[in-house]
Each structure stands twice: as C-alpha cells, then as structure tokens.
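What you see below is based on every heavy atom in this structure, not just the backbone, and it leaves out hydrogens, waters and symmetry mates. We name chains A, B, ... by the order of the sequence lines, and we start the count at 1 in each one.
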Amino acid sequence: MISVVLQRPLARALVMSAYVLGVEWARALVMRAPGAMFPALILGGAALVLAAAGWQPKRLGIGRDRLLLRILGGLALGVVLLLPAAVRPGSAPLLPFGLAVAAIAISIGEEIAFRGALYAALEDVGGAPVAILGSTVLWTAAHALSHPPAFLGAVFAAGLVLALWRWACRDLVGPVVGHVLADLAL
Amino acid sequence: MRRPALLAAAAVAYVLAAWAVAPGFYDGFGPPAPYNFTCPPPQAGANTKPTSGHATIKVINGISDAASAYDDDGQIVIGFLPGAFDVTGKTSVSVDVVPLDTCPKPPAIAFVTNVYHVTADAPLLKSVTVTMRYSNLEPDPSDVYLASDPNGTWKSLGRSSQAQPFTVNTSTTSLGYFAAGYPSASPPPNTVTVGGGQTLPIVVAVLIVAVVLAGLPLAVVRRRRSASSEADADDEA
C-alpha cells in the first residue's frame, strides 16, 4: 500500500515534505531544552539525510564529475551567504568544536533533504519551477520555529539562491559546501 | 544566459534581504534574539531598553528551593541550588534583577553587555551560576565581571566553557553588579584579528581570493577544451 502510494509523484512529494518539515520542527523544539542543542543537531541532520534513501546520487545532484568546479561554486555561494554579515561591524564567536561538528551535520542534512531529495521529488511533480519554489517555500517553513519572523525573508532568499544553483548547475555539492561554510562562520 | 542571470538576481535579492536583518543568514542554531542595550552601539539599529526581573524563592522545610532569577528579556539568568540562601526566619527569598541605566566604563575593561544589579533579601550560602547573553554585534567576552559598586573596582569571575552560542557562564558566591566583557588592553578573545578586522571578513576575503584564483585557470581550461572540441568538429566536417 505504502509503496503504491510512494510511486505516485505527488503522493511521494507530499510524504517527503511532511517528513522533512516534521524533522525540522521537532529539531527546533527539542533544541530549546537545556543541553539538547548538540544531540538535536546531530540527530536532526542524520534524520534529514534519510530523506535521500532510495534516490540515485545523480538525481540528488551528487557526482564526482566537475568536482573542482562544484566545490568552487560552493565557495562562491559561501561568499554570497556570508557577505551581509561580513561587511557589518561586530563579530561572531568561533564555534566550539562540538557545535562546529553539529553545524556541519545539520548543514549537510538540510541540503540533502531540501535541495536533494525534496527538489527531486517536486521536480517529478511539476518540473524545475515547482522544485525551486516548492523546496524554497518548505525550507522557509521549516525555519519558522527556529527563526524570528523578521529573518524568514532572508531565509527564503537564501533558499532561493541555493535552489537556483541546484537547477542551473544540476549540482548539490556547491550548496552543501556553501551552506556548511555559512553555518560554521555564523 | 538565462540561468546565470536568474542566479545573479537571486543572489542580489538575498544580499538585500539579509542586509535588512542583522547579521544576515543564520541557520542551525537560529539567530539570537536582538539584544536590548542600555547603550546601543551605532550598528544596533532600533533598540528596546532592557527589562528587569523578579523571583520569589520558596523556603521548604527550612531550605530555599532550587530556582532561577532572570530579567524578562532572558539576558541574564542566575541559577540557585537548593539551600543556596541562609533562610533563618524566612518563608521565602526575594531576588531582583535590574539593568543599570548607565554604562560604566571601568579602566582596562570593555563591557559587551549591559550591567545588571542582582540583589536578594537573604545572604548566600552556596555559589550560584550566572549566565549572560550577549549580542552578535559585539566581540565575544572573555569574562563575567562582578562589582559591589558599578563605579568601583570590577573583579573577573572568569567564564566556563560555552554551552550555547552568544552566552557566557560563570559561578559566584556573592551577588552585586554583573557584566560580561574583556580586558580592553588585549584584542577580543576567540577572534582572529588582522589589521583591526575580525574573523568573518577575513574568511570571506579568503574565499573570494580562492574562487578567483581557482576559477580563472578553470575557466581558461574549459575554454580551451571547448575551442579544441569545436576545431575537431570542423576537421571532421
């Protein structure tokens, strides 16, 4: 029954959307408990990676071809994501080692879930426009519990940049590299 | 051409959207709530004055209960263990947390938080934990400082390992005026300082250099490959 439902693109996209949103909202709520930040980020990242189960790496945008270009693109995306914070006065603290590991885990998990699996599932439903807009809207909704409303515009715009990269370059390595850099630096 | 143009437009839209909210993109840990400054730095933008707080700690079987006292902004939290107070003759202990409405600048110390006056109507018997939140617009503090008079001598209480980003923790056996900061004679801790700048601008500058330096040869190689494949196609024709 479940496998029959999941063979339908729309049903699969809906199930995947609910799963990814559920993981992100649960993570945001658990992180509010004292001392729960590290396990919530690590387990949340791992649960998001599970969204890619059953997908071919190529459909997710993962591959070794043009690897240097993909990594270079990721550095460029990192520059774009960090630019507004970099030109402001002030500073961000260096993350303690444990939190840096957790930041890497959640960044990779989010990219694989949103710009990887969810993007591919939505692309099967309505092509690139649905994949780009759908994954960006869901990415913004996923951050609704962890971010004040004032930040959601920037979150949406960041998601749009990463999703457009995924579409334009058929690549997920760049968004992963850019996202990890942004999370580590902020 | 359409794809790069869309990507560039989205990047510009992102920079504008992120510029509207300090510090910009935050993820994973979520952005800290804006810090309510007594004396806001110029880059803080709109600022709300900090609030005070009050806690009434019950005395149960002759021992003060475990409790926390904090301001309504959550910018300072004092944690009390059971039996933290000498409660002789008392049925409860009253604790007040009040932000100082001035910004003392003691010699050789740079404060990055407001100064909070924490008082209790019973003497302390055990050490208490102090957690202070600070703004992402300020350097990372190295210590929490305590004084009995804000215009007098400030004593460093050090700091424990960082449990949450943008918070600093320590413990103390006396209450008084609290603020977090760093010795002003040294650069702010945990920041890489080159030419007066700090970590993030350096990270971004290094990334830009890496992209340009690695991107140019890659672009040349790809152009040559493209040109040679076109030439091969012409030869075959």
**Message:** For P84(A) versus A18(B), what's the shortest heavy-atom pair and its separation?
**Reply:** CG-CB, 3.5 Å

**Asked** CG of L77(A) to CG of L207(B): how many Å apart, nearest 0.5 Å?
**Response**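 Interatomic distance, L77(A) CG to L207(B) CG, rounded to 0.5 Å: 11.0 Å.
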
**Prompt:** Which distance, rounded to the nearest 0.5 Å, do you find between the CG of L162(A) and the OH of Y14(B)?
**Reply:** 9.0 Å

Please check if the number of heavy atoms outside [X] that lie under 6.0 Å from its [atom1] is greater than 12.
X: K58(A); atom1: NZ; answer: no
X: K126(B); atom1: NZ; answer: yes
X: Y70(B); atom1: OH; answer: no

**Asked** Which of residues 165-172 of chain A get closer than 4.5 angstrom to chain B, counting heavy atoms alone?
**Response**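 Hits under 4.5 Å: W165(A), W167(A), A168(A), R170(A).
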
**Message:** Looking at chain B, which one of V161(A), L75(A), L72(A) has the largest number of heavy-atom pairs inside 4.5 Å, strictly under?
**Reply:** L72(A)

